[in-house]
Structure formats: C-alpha cells, structure tokens
Amino acid sequence: MKIHEYQARQLFRQYAIPVPDDVLCYTAGEVEKAARDFNRMVVVKAQVLVGGRGKAGGVKLAKTVDEAVIAANKILGMDIKGFKVEKVLVADAVEINKEFYVGLTIDRNTKSVLFMASTEGGVEIEEVAKENPAAILKIPIDTDLGMTDFQARKIAFKLFSDINLVKQAVEIFKKLYKLFIENDASLVEINPLVITDKNRVMAIDGKMTFDDNALFRQIDIEALNEPDEDEKKEIAAKDKGLTYIRLDGNIGCMVNGAGLAMATMDVIKYFGGNPANFLDIGGSSSPQKVVDAMNLLMSDKHVKVIMINIFGGITRCDDVARGLVTALDQMKVTIPIVIRLSGTNAEEGLRIISDYNLPTVNSLSEAAQEAIRLCNLVN
Amino acid sequence: MKIHEYQARQLFRQYAIPVPDDVLCYTAGEVEKAARDFNRMVVVKAQVLVGGRGKAGGVKLAKTVDEAVIAANKILGMDIKGFKVEKVLVADAVEINKEFYVGLTIDRNTKSVLFMASTEGGVEIEEVAKENPAAILKIPIDTDLGMTDFQARKIAFKLFSDINLVKQAVEIFKKLYKLFIENDASLVEINPLVITDKNRVMAIDGKMTFDDNALFRQIDIEALNEPDEDEKKEIAAKDKGLTYIRLDGNIGCMVNGAGLAMATMDVIKYFGGNPANFLDIGGSSSPQKVVDAMNLLMSDKHVKVIMINIFGGITRCDDVARGLVTALDQMKVTIPIVIRLSGTNAEEGLRIISDYNLPTVNSLSEAAQEAIRLCNLVN
Amino acid sequence: MSILVNKDTKLVVQGITGRDGSFHTLKMKAYGTNVVSGVSPGKGGQNLEGIPIFNTVEEAVNLTHANTSVIFVPAPLAADAIMEAAEAGIKLVICISEGVPTLDMVKVTSYLNKKGVKLIGANCPGLITPDEAMIGILPVNIFKKGNVGLMSRSGTLTYLMVSLLTSNGLGQSTCVGIGGDPVAGLYYQELLQMFEDDPETEAIVLIGEIGGDAEERAAEYIKNHITKPVVAFIAGQTAPQGKRMGHAGAIITSGSGTAEEKIAAFEAVGVPVARLPVDLPVILKKLMKLD
Amino acid sequence: MSILVNKDTKLVVQGITGRDGSFHTLKMKAYGTNVVSGVSPGKGGQNLEGIPIFNTVEEAVNLTHANTSVIFVPAPLAADAIMEAAEAGIKLVICISEGVPTLDMVKVTSYLNKKGVKLIGANCPGLITPDEAMIGILPVNIFKKGNVGLMSRSGTLTYLMVSLLTSNGLGQSTCVGIGGDPVAGLYYQELLQMFEDDPETEAIVLIGEIGGDAEERAAEYIKNHITKPVVAFIAGQTAPQGKRMGHAGAIITSGSGTAEEKIAAFEAVGVPVARLPVDLPVILKKLMKLD
C-alpha cells in the first residue's frame, strides 16, 4: 500500500523527523490562503501516487502568492502518468545547500532490513542504481538489535563530515528505522534529505510503501489508504476472496492460483491475444466465488470473451462448474466463454456444464487460441 | 532500587496486568474510609521494603470496617525487621482458588533474562528454591525476540490446564516481561499470582527491584524511590562521588575501591574489630573527596576510630594526604586516625601528613590491629 | 534418496484442529506421510483419527519424536508457530499459511539461522517426494516417482507443470513449492545444490515469476555450481509494473524484476526457458537425452 | 605465551579524547602497549601524541589493523561502543566504563556470541601481561613478569594482592580484572581454562567477592578441569545482606551469595582460601613448592 507525500510528511513529524511546514490544498483558493500565511517562498507539489512528478511539471516554486496561485491552477487537474491531480501540498521552500538520499527497504536475498544512503539525492534512486550503483551505500540492519547508534553514525559519517550534521542525521536515521519497523513498511525513503542554509538536516520529500500482509495490525496506516477507481475494484474483489487486477486487453481471465493466472495471461499474449485482467479465485473455491468472479468480469465493458482456466487440486473442478452454471442461470451472459478444467473432478465438472454448449478444449494453449479466435469474431 | 508493593501494583496496572483494587492509607481514619468504600472483605497490608511481612503480622484480613480499623491500628507504627510501618495498603480481598509464583530476573551465569514460575505461590521463592528446587521452572528468554507467545504459552501450560486460564496467563507473562525490560528491572515478581473464584488470573502481590545503573534513563522509576534515613545518607554520599553504607560497628573506614574496602572491613573483623561502614572514595580521588569522606565519617557518632587504607594506582596517595590535611585543618577531629598509604606517591603522601602525628603502620593487618587497639582505648 | 522429506520424516501438524489443518492432515496421512502428532493449544489430549494432539510442539517432539513440522495456523500467528517448532528441536518447518507479514519473516529468519533450522514457505503449497511423503496441500494424484527435481514459487502453476511432466513420462524425485512471498525460507540456491547433490535427481525444473532478482541469482549459481540439466519457466511476462500479482512477492518495482530480465539471465548461462508450459517437458526430454 | 594480550596486540582506544581515555592511553603507550589508533566521533583526522584518531572503529580497523579495543566512553554509550568494535572485526574488547545498565550487557552478550568476540568487563581495571602489554588503568609499577595467572572482580584489591605477590618474588603471566558487574564478559571459567592451557602459567590466583554464585561454579570447574594449583581470596565476609557493596554485582540477596558459601565451595574442592591478603603469597608459594 502506497501513501501520498503529504501523508509521509505527517508520519515524519509523528516520529520527530524534521520536515518543513506544509498545508494540503484542494483548490487554488486554499493555495492562495496557504501561500499568504507562509509569507515567503513556497513550493506547490502535486499529490499523486506515482513517481516523476517533477519532470511532469507537477512541482513548482512560487516566490509570491500570485505565483503560487498560478502554479496551483496549472497543477490541479493535471494528468500525471494517468493519475489526475486532485490536491497539492503548499510547503515552506527552505534554502537547500546539499541533497542526499536515504531509505529503508527489505532485501529479499539477505532476508534483512537494508538501509540505503546516497550523496546523489533528489533524483529517483532507481536511476542512481542503474547509472552509478557504487554511489549507493547499502547497510543491512540487524532487526534483533534495531538501528544502533554506531550504525547510524557510520552511515552519517559517509554523508557528512561536520559532527553537528552527523548528530542530527543519527537521530533522523534511528527515527526513520523506528518508523519503518513500527509501521510494517516495505519501503521508506527520504529523498531528498537536505542540509539547509541554516545547517539543519531535514526531510524534504518522502515515499512510503507498506506491507499489505501486515495491515491487519496497522490500522492507522490502513486508514491512510486512498485507492483510485481501479484499486477500489481490487479491494472490493479482495473482500470476496478474489485477487483482481484490471489490464488493458479484452479477454477476461478467471484462474485458480496466482502463478497459473500469470501463466494463463502469458499464453494468451503468446498467441497474440490481450488479457483484460488478472483474476485469481484462490484455493478452496466455493461456487459462490465463481459467481462473484463472473460478475466482476462482466462489469468490465472491455471484456469480449471469458477464458476460464482451472487446475483442480484443492479447488475441485465440479465446484467451479457448479458456480459457473449458477452464474449463467442468474445473469445474462452474452459473451462467449472458453473453459478448461483439469485435475481434481475435471470430468464431473465438464459433465455439469455440458448442457451449456461451451467450446471444449484440451490444453491451455488450445483454450487461449480459441478465446482469441472468438474475440476476433466479436470485434 | 526497591519499590513498595503499592508502587508495584501501580506498575502492574500501567501494564494492564490485573490487580485487585486498593487504596494507600497513612492513618487508621483513612483505612476506615477505604474499608467503608470497598464495602466487602479487605486485606490490610504493611508497606515496608523488606520481606516476611506476613509472618511478622503485617498483613491482616478484615471482614468488616471495624476489623479493618483494628488491623490498621495494630500494623501502623509496627516495626518489621527494623523498618517502621508508616503506611498500609487496603486492598480488595478477592477469593483465591489457587496460588502461583512467577518472576523475571537476570541470570548472571547465562547472562540472559530468566523467567521463573512455580505452582508453590504465596511463600518466598528463596524458600522454595532451597526446599524443593524442582518446583521452580526456569526458562531463559531471548532478549532479541522478547517473550514470544509460544514461550508464554509453554510456561502457562505448565501451571494451568484450562485454556481460558492459559490465555489470561499468556497475556500477563508477556506484559510482565515488557514491564521488566522497559523499566530496566533486575527483579520483578508476582507472588502470588492467583486464580480467583471467578476464574480470573490476577496479581495479588508484587516485588520489584530496578537496576541502579539504568536509573539515568528511568526517570519515572527513580521518582518512586523512598529511601530510609540510611539510604538518604548513601544517596547524599553518592552525589559527592562516594559509595557509603552504614554498618553497626565503631571503626570508620575510608578506602579506595570496592573490593579493597570489603577486604579492609574483613581484616578489621578478622582481628576482632567492628567496621562502622563501607566507604569507597573511588578511583581518581581529589582532595575534596577526602574532605567529604571525613565529614561523612565524623557525622556518625558511633565512629570511635578512623582507619584510612589507600592503595595508590590511579588514586595518588599525595592527593589523599592533601585532602586529609585540609580536613584536619578545617574540622575539629577529636578521634584517632590510622592511615595506611601504599602504591603511587605513597612516600610523598606520608611526608605531607608527617606533621599530624598519626600512627605509622606497615601493612593492612597492622593498620587494622592498631585501629582496634585505639578503639579499645577510647571505650 | 530425494531431498528434504522421505520415509524417515516424522511430521507434526501445527494447527491440526483448524478446517484446513485437519482436512490436509488426513490427506497427507492417506498418502502415506508419517504424521506422528498434531498441536493445537487447549486441545492437548484429543486426537484426530488416532493422531495424538498436544498443547505445545515441545510435547509433540518429546513424546512422538517429530522431526518435521507443517504449519496451518492463521498468518498473524505463523511466525510464532515457526519459532516454536524451531525452539522445540524440529529441523525442517513447512509453513503453508498465506499472508504472513514480511517483517515477521525477517525476524524468523534470524531466529532459524541461530537454531540451524530449515524453513519452506510461508505461503507455499508444500513439498512431495512421490511415494514417500507429501507435506502440505499438494494434489497427490498428479505426481509420479522419478528423477526430475522441481522448485516453484507458485502452486497451481506447479500442478500444471507436474501433470505435464508426468503425462510425458517424467517422474519426480522431489517437488518443492518455495512460496510466493518476498522473504521466504529455502530458495533456489539451496535447493539447486540439494538437487545437485541428490543421486536420484537427474534434471531440475525451476519455475519462477516476476518480482525480486532471485532468478537472476539462481542463473548465476547454476553457472558456477550446477552440472545437471536445468530448464526454467517464468510466469508474468504480461504483468504490469507496480501491481502485486496475487503473490506478495510478485511485483515489478521501478521496472525491475521483470520476466524479460529473468529469462535473459537464464538464457545467458545456457539454461533454456520454456515459453509455453507445454514446451517444458519437450525441452527437458531433449536435455535428458530421453528422445 | 601468557593469555589474551601480548606483543601482537594492536590496540584501538574508544573514547580516546576523553579525560580518562587520553590519560590512560598515554600510560598504556608508555608501558609499551602497541596502541595503534583511537576513536572519537567528530575528532577523526586529529591525533594524540602521534596516535591517529578516527570517527569510527571501522576506519580504525581498516587503516591501523587494530585487533583489540579498550573502551573509555561514558556508561550509557558503552554497549554501543562494544558492539561497534565487534561489528568492525575487533576480536577482544576491554570495557573500563563503570555503570553500564545490566540489560545493555545482556544485549551485548547475545551480539558478541553471534560475532565470536571476547569481552572483558565492563566496570573493570583491564588486564596486563607484564613487559608486553597493559590495557586499562592498571598501575604498572606493581607488576612483574612471572608465572602466576590472576583474575579478580576487584580493582584496588587486585593491586594490593599483586604487590604482595611481587614483593614475595611471585611474578605474573597475565592479570585480568574481570569487573564488578553482575553480567560481565570473560569470567572465571573461561579464564581458568586459558591459564590451564597457557604453558607460561604455573599457578592461578582467583580473587572473588560476595554476590552471585560464580565462585561456586568456578570451584566446580576447577575440580573437573584444572590441574594447576589455585589459591582464592574472597572479599566481603563482613558485608550485610541486601546492600550493594560498591560493585553492582557485590550484593548478598536473600542470604545467598555470601563469602562463607564461596569459601566453603572452594575448600570443598581442595582450593585453599587465604583469610588475610598477606596469607595468599605464603599459601601460593607452598603450593608451588617454592619454599
């Protein structure tokens, strides 16, 4: 789960990590008031859950209230990589002497928490990683101990030489680690971390992602979620036990298991088709789940054909067939369906749906090809 | 640092460990009001920082308000092992079905935190340890992980069989561990931990000791300190860099180093004398410390002779001599002094004090014997 | 031979009285797995069709000499269950539970390293040595004893692959579902080495998917340490960036962790990657010179 | 030979710019200890009479190859300093700081065990191998090279004992102040074994005091593992119950940890205990057949 910059700044403040003051605004009028209250140079920043705002023109400095309003009018409503800007942050534009990057993430390979730091702040760390990997310092943190003073100091001395800055940074690093652990984050970044003209170390922008698996114990974090339309649909599907992600194609997929669902999409693509979604109906699928899944697929007007691929293991093919029959009886399904059932109780499943005249296929490849053929017929 | 039962119960409550309600009272009148408010059976308990209150008659059940007042009158002012009872706790006397012991301490040998539990609750655990050591379950707790659910459950299943009791106990054990760690305790005990007639698991009495070395970061705990007269003197000495403990004898000791101070006392005792105190003037002793130490010794009217034993290492004997000379010049010292100086700058030290006609001795044994001789002369 | 589990496996089931736990316990037992006991706090003294149930893993180990544990408890309790098994002396833990917080797994990893205990999962379907032992939730009918070692981040995709292997006459030595979480127990590298060392295994199938760079590392490891033929399959070529594809670990972040990168890494070290599931047994047979 | 420190010791001083740190650094150096560097965050680049100072132990180790560290930082910072040394690759840490919280030491112990690092102290005067290296705050003039190994929970009492040994012609192989805290680094058992294994050590002096049962355990260990003569001294025969006698570890709790118990434990295994300090060299000479 991602959160906005303004929410990240709130969390920084909660952990006493210094951040310049800011105000969240939804209208140019609010921006005007905020800029007037600041009565000094501000920065107006688009709040969207996607990187590269700066390049897209979503971040603007404003020396006067008028400039702030002009910036707000430009940014509010702007489209950044498919995300519409609905709010901006008006923040005190502190004077910056130097920019750094620091972040914490979980390293899959060492299975530990990793502290990352770089003197190349202010740009996306992935770019630094590609162009100059040596510029990123990576230090594993022993979670048994937490971030110790000596580790924080060691990192800080690699970024700063002035002991006054080192001491500020040590406090910030320790708090950042605490924030990371206590909130089950999967990524927290301060980018840039800066030295101001007054020799203060401050967080200017923050990026945070949280572990979805841990949200059950992170109620406050879950409350920060601001899903877009697609994500709302994903969450609604999740509540019904379905994992759903909408894509750009026209062949609606229903599969049991995430890996098989991905492989099914890949096979469709391989034969020239376009999957309309990822949809995993999960392990022990009840007939009702299949009905819910059919409803979900039918609600996407881009879907021209439905392809069902079930490999019965724990999931029983007859259950799926029964769910499908119920769905077909309940709703008006006007688009073609290709179904492949194999594994546990596949034969009984095929018998159950035999009255519905669905194309029979013998393999995943055949199913994909048939779905694509039917899709082309519709178009 | 030790705290009273009523303070331990407060800490239990702070950590949501269930404890019966109670009221702290300083007078029989307060006890009467408290008992009236409870309007049911209460227990009146002496609040003194020493074990064995029960046997000494410092804990009494009271079925009525009158009984409570009678108990209070008996207990308030009572002397328990040299401690005068100045306050009592009036507590709800819950019905107890069974008593247990649980505690946490630090095991010097394994250098880890140790959880102890026993079905023999309500008596001093040291007695259980002596008579039936097998009845005490000892489980080391990995401080990297803290008290895990499974460990708490494992212990709870050894005390209880009913899962409802186990679940309550698991919560209590985890909270007790948290209390121990977060407050730098060296010992926390719930004794007894009970099952009430309503099948609730509750803490009835608590004993806690805290690590003096950690009080600098445990301001709230330090604030709970209620030193007696002797301890106030010890604390005042500590503030001057002196470690002082008053004893029952009449030979005042001034030594540098804790081990040497103990050995000096032992030698005095060996030759038939009685040390009046333990007094360690510490490592790098300045002359002022010696002056402070002399003042401290002179303030104890039991002291008949002063014996100074300095082994110069970091401590320089000439510094000590200078301090002593200053003290002798400033204050009217009417009692004899025996001084042994050896090690760093011993000769210069002896030269400095040569004008004061102090007995010269060649060894620690000789110093002790001389001090005892002078002491016997005075008596 | 085979790896990790066999006839000597003595299994304790943690969470044996739950809906999934009891169902799969009986399935495992029916397959011939030596299920010696179960654990369910508060249900100690009961039994499941003759399998004794204990309150703690410690009791189960002491009284039934279990050496392997499988975990069916809810995800929030899984880390504690894994550590309980490790502390009780279990040497191999298989965690089926889905949805375990990542930081729990980081903590568990550090604990297991100290104790020298192996973990498979969490969020995995388990593992099987055909005709000897199945631990987890695998549909046993698709497996067949043989000489192909298989490891996979996925469940049902594995079943599809295994059924393709079996129907092509390629039996399996051991099949391991390593799980779909970002931080998991035994992974490609350890398992590749075990299969390399296992005399019964003649060829290895590695089924990967998007997210992380474990496949890239596996490719590097194969280049340097593995002499047996390996064939790979990577799911998620059509997955979009930034979306978690069902598995918590299956996510492409900032353009990294893509199927293309992984396929390229394998091919760069001479490991063929099947583009379609049906291609995999064909490639494998060719490498094993079974054509 | 000797134990722990010698001519090969390369010492880094943590807290070298503090009052005590700088004073004792120069004393150590004057004695001939190979002090290669110091650490003081923020003072990197400076030097103390030619000894280079670094911001971190890591730098000190990388640039001056220090293998041993001595710590003079304030007690609240000591645990962090010890772990910093261990993480940087130091193999022996001597912590002089007094007043370190006990739970800090518990945490440190677990960390050092993982790293395989030895600790002496905290709250100790250090150790010396006469004529080779002194690390800590020991008054060097009282020591003399020889064949008696000594370990002690106390500082000045040790000096008294050593001066008695030296004046009786009994030189020392190595003298170790193990510190007066309840939870400390190397203790009797480890040091007894080291002295047993050290060809240069012919007899061992153990100076204990009230509190805990380490002396009782040492007695048991001597009975089973030590063949060289051992003489003990126990301070605190007159100490009252429940009072901390200066050292954090020197406290008799609930009638346990008394000098009587410790003396009895040693005598039960045939280890003589000197009742007066002056008796110790006499007993030792007899055991070493030097009379």
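Because only heavy atoms are used, hydrogens play no part in the values below, and waters and symmetry mates are left out as well, while side chains stay in. Here is how names work: the chains are called A, B, and so on, in the same order as the sequence lines, proteins then strands, and each is numbered from 1.
The residue among D213(C), I210(C), V183(C), L160(C) with the most heavy atom pairs within less than 4.5 Å of chain A is L160(C). In terms of heavy-atom pairs under 4.5 angstrom with chain C, the leader among D248(A), N109(A), T243(A) is N109(A). Of the listed residues R108(A), E234(A), R217(A), the one with more heavy-atom pairs under 4.5 angstrom with chain C than any other is R108(A). The most heavy-atom pairs under 4.5 Å with chain A, out of E98(C), R244(C), K27(C), come from R244(C). Annotation: maximal heavy-atom pairing with chain A below 4.5 Å, among E209(C), K107(C), Q189(C), M161(C), occurs at E209(C). Comparing P139(C), G212(C), G180(C) by how many heavy-atom pairs each has under 4.5 Å with chain A, the most go to G212(C). Note: Y159(C) leads Y111(C), F23(C), Y159(C), Y187(C) in heavy-atom pairs under 4.5 Å with chain A. Heavy-atom pairs under 4.5 Å with chain A were tallied for A214(C), A239(C), A184(C); the largest tally goes to A184(C). Comparing L215(A), D142(A), T143(A), I245(A) by heavy-atom pairs within less than 4.5 Å of chain C, the highest count is held by I245(A). Top candidate by heavy-atom pairs under 4.5 Å with chain C, chosen from D212(A), V113(A), T344(A), is D212(A).
In terms of heavy-atom proximity, A293(A) sits nearest to I281(A) at CB-CG2, 3.8 Å. Contact record, L104(A) with F180(A): O-CE1, 3.4 Å, taken as the closest heavy-atom pair.
Partners of H247(C) under the ring-ring contact (aromatic ring centres under 6.0 Å, His included) rule, at least two apart in sequence or in another chain, do not exist in this structure. For Q218(A), the side chain to side chain donor-acceptor pair (under 3.5 Å) criterion is met by D184(A), not counting sequence neighbours.
Here the straight-line distance linking atom OG1 of T258(C) with atom CD of Q237(C) works out to 10.0 Å at 0.5 Å rounding. Here the CG-CZ distance, from N345(A) to R316(A), works out to 5.5 Å after rounding to the nearest 0.5 Å. A distance of 3.5 Å separates OG1 of T110(A) from CG of D107(A), quoted to the nearest 0.5 Å.
Against chain C, the residues from residues 259-269 of chain A that qualify, each with a non-hydrogen atom under 4.5 angstrom away, are G259(A), L260(A), M262(A), A263(A), M265(A), D266(A), V267(A), K269(A) in number order. Within residues 215-224 of chain C, the residues having any heavy atom closer than 4.5 Å to a heavy atom of chain A are R217(C), listed by residue number.
Using a 4.5 Å cut-off between heavy atoms, L279(A) makes no contact with chain C at all. Of the atoms belonging to P277(C), it is side-chain heavy atoms, and not backbone ones, that fall under 4.5 Å from chain A. Interface remark: F271(A) contributes side-chain atoms only to the contact with chain C (heavy atom separation under 4.5 Å). Contact annotation for L276(C): only side-chain heavy atoms (C-beta onward) come within less than 4.5 Å of a heavy atom of chain A. With a 4.5 angstrom heavy-atom cutoff, P125(C) does not touch chain A via any of its atoms. Heavy-atom distances place no part of A259(C) under 4.5 Å from chain A, backbone and side chain included. With a 4.5 Å cut-off on non-hydrogen atoms, F216(A) touches chain C through its side chain but not through its backbone.
Using a 4.5 Å heavy-atom threshold, the side chains of T102(C) and D181(C) count as separate. I234(C) has its side chain within reach of F266(C): a pair of non-hydrogen atoms, C-beta onward, lies under 4.5 Å apart.
Relative orientation of the F72(C) and H24(C) rings is parallel, given thresholds of 30° and 60° on the angle between their planes.
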